[in-house]
Amino acid sequence: MKTYSCDDYDPNSLSVEEALRSIDRDLQPIRGEEQLAIRNALGRVLAEDVLSKINVPPHDNSAMDGYALRGADLPTEGKTQLTLVGSSLAGQPCTETIQAGQSARIFTGAVMPTGADTVIMQEHVEKQGDTITIGAEHKPGQHVRPAGEDITIGQVVLKAGKRLQPADIGLFASLGIPEVKVFRRLRVAFLSTGNELCALGEMLQPGQIYDSNRYTLHGMLTRLGVDFVDMGVVRDTPIDVENAFLSAASCSDAIITSGGVSVGDADYVTDTLCRLGKANFWKVAMKPGKPLTFGKIQEAVFFGLPGNPVSVMVTFYQFVQPALRRMMGQNKATPARFTVPCLSPLKKTPGRMEFQRGILEYDEQGHLVVRSTGKQGSGILRSMSHANCFIILPRDCGNVAAGSEVLVEPFDGLV
Ligand code: AMP
Ligand code: MG
């Protein structure tokens with residue numbers, strides 16, 4: 001076992017990777033699918049592979065404005081003359097069949113006339129009346145986009161597990177597909193625990209704070225595209241916590257709580273979960289967000305997040321979001337992470353993986369660099385608001401000197 005000169009290393013704690021693997025092992029995609037009009041399917045997850053019923057493009061067509069002809073008519077040397085017998089415009093194909101010695105005017109995207117297999121750009125043609133003259137510098141088959149070049153009939157265009165983006169909706173439309181089968185929406189219940197929490201609109205009494213976690217959770221779940229039930233604030237008594245958990249389990253696929261998971265006197269989350277279902281209580285070697293409860297009540301998956309506002313967000317993005325995506329049927333995505341120089345010195349004690357908050361920007365030379373948002377306390381929600389990325393510092397690393405390379409995970413795409 002490794003030893004550290006500091007006391008932040010806890011031999012009973014789980015690494016972030018172990019916690020992620022353990023959660024992943026316990027989850028399956030939800031059952032239940034629905035057929036939706038493609039416009040309503042944005043952000044939903046495909047429940048089956050989508051095959052193309054047509055070729056894209058559907059016909060051989062011209063890549064240029066010019067003249068369509070038979071490649072066999074191209075001169076190998078000198079020049080040749082061809083007779084114009086028709087024209088092919090987008091949406092108005094040529095009705096003539098192109099015979100030897102003939103050609104047709106054609107425009108970009110227009111269907112190749114029967115018999116023609118080659119297009120000469122208009123700039124390379126001399127035209128006089130119904131006769132065109134072409135030289136020897138062309139190749140048979142040039143400037144033609146063959147039918148099925150993009151997609152062929154029967155080809156899988158998108159696989160089950162794809163979360164649908166605007167481009168996907170357009171792709172379905174381009175294939176003439178009006179509806180697709182997607183997973184039903186995931187139902188998530190969430191609540192805050194804590195006797196100190198005050199509702200918005202009420203005056204703060206001594207010792208009270210406003211409940212912010214339910215608002216960040218509401219935002220994060222909205223972005224994720226789930227159906228949710230806001231169960232409000234639950235008082236720190238065993239009976240209130242139990243009633244809230246049972247009612248959440250009866251209406252959801254997943255439950256998310258904040259607060260009450262440390263080992264303080266008023267922390268009933270894990271105890272209640274143990275009584276009602278199955279519980280794992282983990283000390284995850286991460287900062288912020290050390291205590292984390294993961295389990296199940298009846299059919300609902302349970303995530304007990306710590307109470308501190310930044311811990312809620314970090315544990316949500318690192319554990320809950322990938323887990324919910326898996327339950328939504330989505331394929332696993334590798335988080336976008338890369339290294340950049342860090343302009344600020346960073347304080348770090350070895351023993352826990354840290355998710356510090358950073359601002360990623362271009363310096364005057366146009367290089368991408370990151371700097372710290374400043375104070376990194378797990379209660380400082382402003383740090384998340386000002387940040388546009390996590391700076392991820394590995395478990396074993398200590399203080400980081402200014403100018404060192406650090407790993408960052410941009411919020412764009414993550415949040
Ligand atoms: P706990 O884990 O319940 O001891 O909470 C840890 C810290 O987070 C305490 O300082 C709480 O007051 C604070 N906290 C807990 N829940 C919330 C919430 N919903 N909104 C804002 N802060 C909270
Ligand atoms: Mg509490």
Side-chain angles (χ1 to χ4, degrees), residues 8 10 12-14 19 188-222 228-245 247-248 252 254-275 279-295 302-321 352 354-357 375-387 415:
D8 216 29
D10 180 344
N12 296 320
S13 66
L14 216 59
V188 181
F190 64 103
L191 56 91
S192 295
T193 68
N195 289 338
E196 75 280 31
L197 300 180
C198 175
L200 292 190
E202 284 173 22
M203 285 283 286
L204 280 180
Q205 300 303 314
Q208 285 195 321
I209 56 167
Y210 285 118
D211 170 17
S212 61
N213 290 343
R214 256 182 332 118
Y215 290 82
T216 44
L217 278 171
H218 177 272
M220 295 187 289
L221 291 169
T222 303
F228 48 74
V229 190
D230 181 347
M231 313 269 312
V233 174
V234 175
R235 300 288 141 203
D236 289 320
T237 74
I239 190 68
D240 284 319
V241 171
E242 174 168 333
N243 287 341
F245 284 9
S247 134
S252 66
I255 304 168
I256 305 172
T257 69
S258 76
V261 286
S262 30
V263 272
D265 283 345
D267 292 337
Y268 298 112
V269 168
T270 311
D271 281 356
T272 309
L273 184 64
C274 283
R275 251 183 306 114
N280 298 292
F281 173 71
W282 294 326
K283 284 187 273 179
V284 183
M286 71 188 288
K287 190 176 171 185
K290 191 173 177 184
L292 183 72
T293 297
F294 171 65
F302 186 98
F303 299 93
L305 308 185
N308 275 308
V310 182
S311 310
V312 167
M313 297 197 78
V314 172
T315 49
F316 182 91
Y317 286 128
Q318 298 304 321
F319 298 114
V320 182
Q321 183 159 284
R352 295 202 257 166
E354 288 199 13
F355 294 82
Q356 299 202 4
R357 275 75 67 206
K375 280 195 182 144
Q376 294 291 316
S378 59
I380 305 175
L381 193 51
R382 211 162 37 88
S383 68
M384 276 301 290
S385 232
H386 289 181
V415 306

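Values reported hereafter were calculated over all heavy atoms of this structure, with side chains retained and with hydrogens, waters and symmetry mates removed. Whatever order the structure lists ligands and atoms in, that order sets their numbers, starting from 1.
- Atoms of ligand 1 lying under 4.0 Å from any heavy atom of Tyr210, numbered from 1 in the order shown and given with element: 20 (N), 21 (C).
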Only distances under 3.5 Å count here; give the side-chain donor-acceptor pairs of residues 232-242 to other protein atoms, sequence neighbours excluded, each with its distance to 0.1 Å.
from	atom 1	to	atom 2	distance (Å)
Arg235	NH1	Gly194	O	3.4
Arg235	NH1	Asn195	O	3.2
Asp236	OD2	Asn195	N	3.0
Thr237	OG1	Asp240	N	3.0
Thr237	OG1	Asp240	OD2	2.8
Glu242	OE1	Arg275	NH1	2.6

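- Under a 4.0 Å criterion applied to the non-hydrogen atoms of Gly259, ligand 1 contributes the atoms 2 (O), 3 (O).
- Ligand 1 has no nitrogen or oxygen under 3.5 angstrom from a nitrogen or oxygen of Pro306.
- Ring pair Phe294/Phe303: centre-to-centre distance below 6.0 Å.
- You'll find the side chain of Met313 reaches within 4.5 Å of the side chain of Leu381, heavy atoms only.
- Numbered from 1 in the order shown, with element, the atoms of ligand 1 that lie under 4.0 Å from a heavy atom of Ile209 read 12 (O), 21 (C), 22 (N), 23 (C).
- Note that the OG1 atom of Thr193 and the OH atom of Tyr268 stand 11.0 Å from one another [nearest 0.5 Å].
- Under the rule for a side-chain contact (heavy atoms from CB on, under 4.5 Å), the partners of Ser247 that lie at least two apart in sequence or sit in another chain are Met231.
- When the options Asp236, Val312, Asn308 are ranked by their closest heavy atom to atom 6 (C) of ligand 1, first place goes to Asn308.
- In terms of polar-atom proximity, defined here as any N/O pair under 3.5 Å, Gly260 does make such a contact with ligand 1.
- Of the protein's heavy atoms, Gly307 O, 3.4 Å lies nearest to atom 15 (C) of ligand 1.
- Residue contacts with ligand 1 for Ser212 involve both N, CA, C or O and side-chain atoms from C-beta outward (heavy atoms, distance under 4.0 Å).
- Not a single donor-acceptor pair under 3.5 Å links the side chain of Tyr210 to the backbone N or O of Gly201.
- Under a 4.0 Å criterion applied to the non-hydrogen atoms of Asp211, ligand 1 contributes the atoms 18 (C), 19 (N), 20 (N).
- Nearest heavy-atom pair across Pro309 and Asn213 is CA-OD1, 3.3 Å.
- When heavy-atom distances to ligand 1 are checked against a 4.0 Å cut-off, Val233 has no atom that comes that close, whether in backbone or side chain.
- The proximity of Glu196 to ligand 1, defined as any non-hydrogen pair under 4.0 Å, is limited to the side chain.
- Of the possible donor and acceptor atoms, one in the side chain of Arg357 sits under 3.5 Å from a partner among the backbone N and O of Phe355.
- Regarding atom 18 (C) of ligand 1, its nearest protein heavy-atom neighbour is Asn213 ND2, 3.1 Å.
- Taking every non-hydrogen atom of Ser192 and a distance limit under 4.0 Å, the qualifying atoms of ligand 1 come out as 19 (N).
- Aromatic ring orientation, Phe228 versus Phe190: perpendicular (interplanar angle above 60°, classes split at 30° and 60°).
- In the vicinity of Ser262, heavy-atom distances shorter than 4.0 Å reach the ligand 1 atoms 2 (O), 4 (O).
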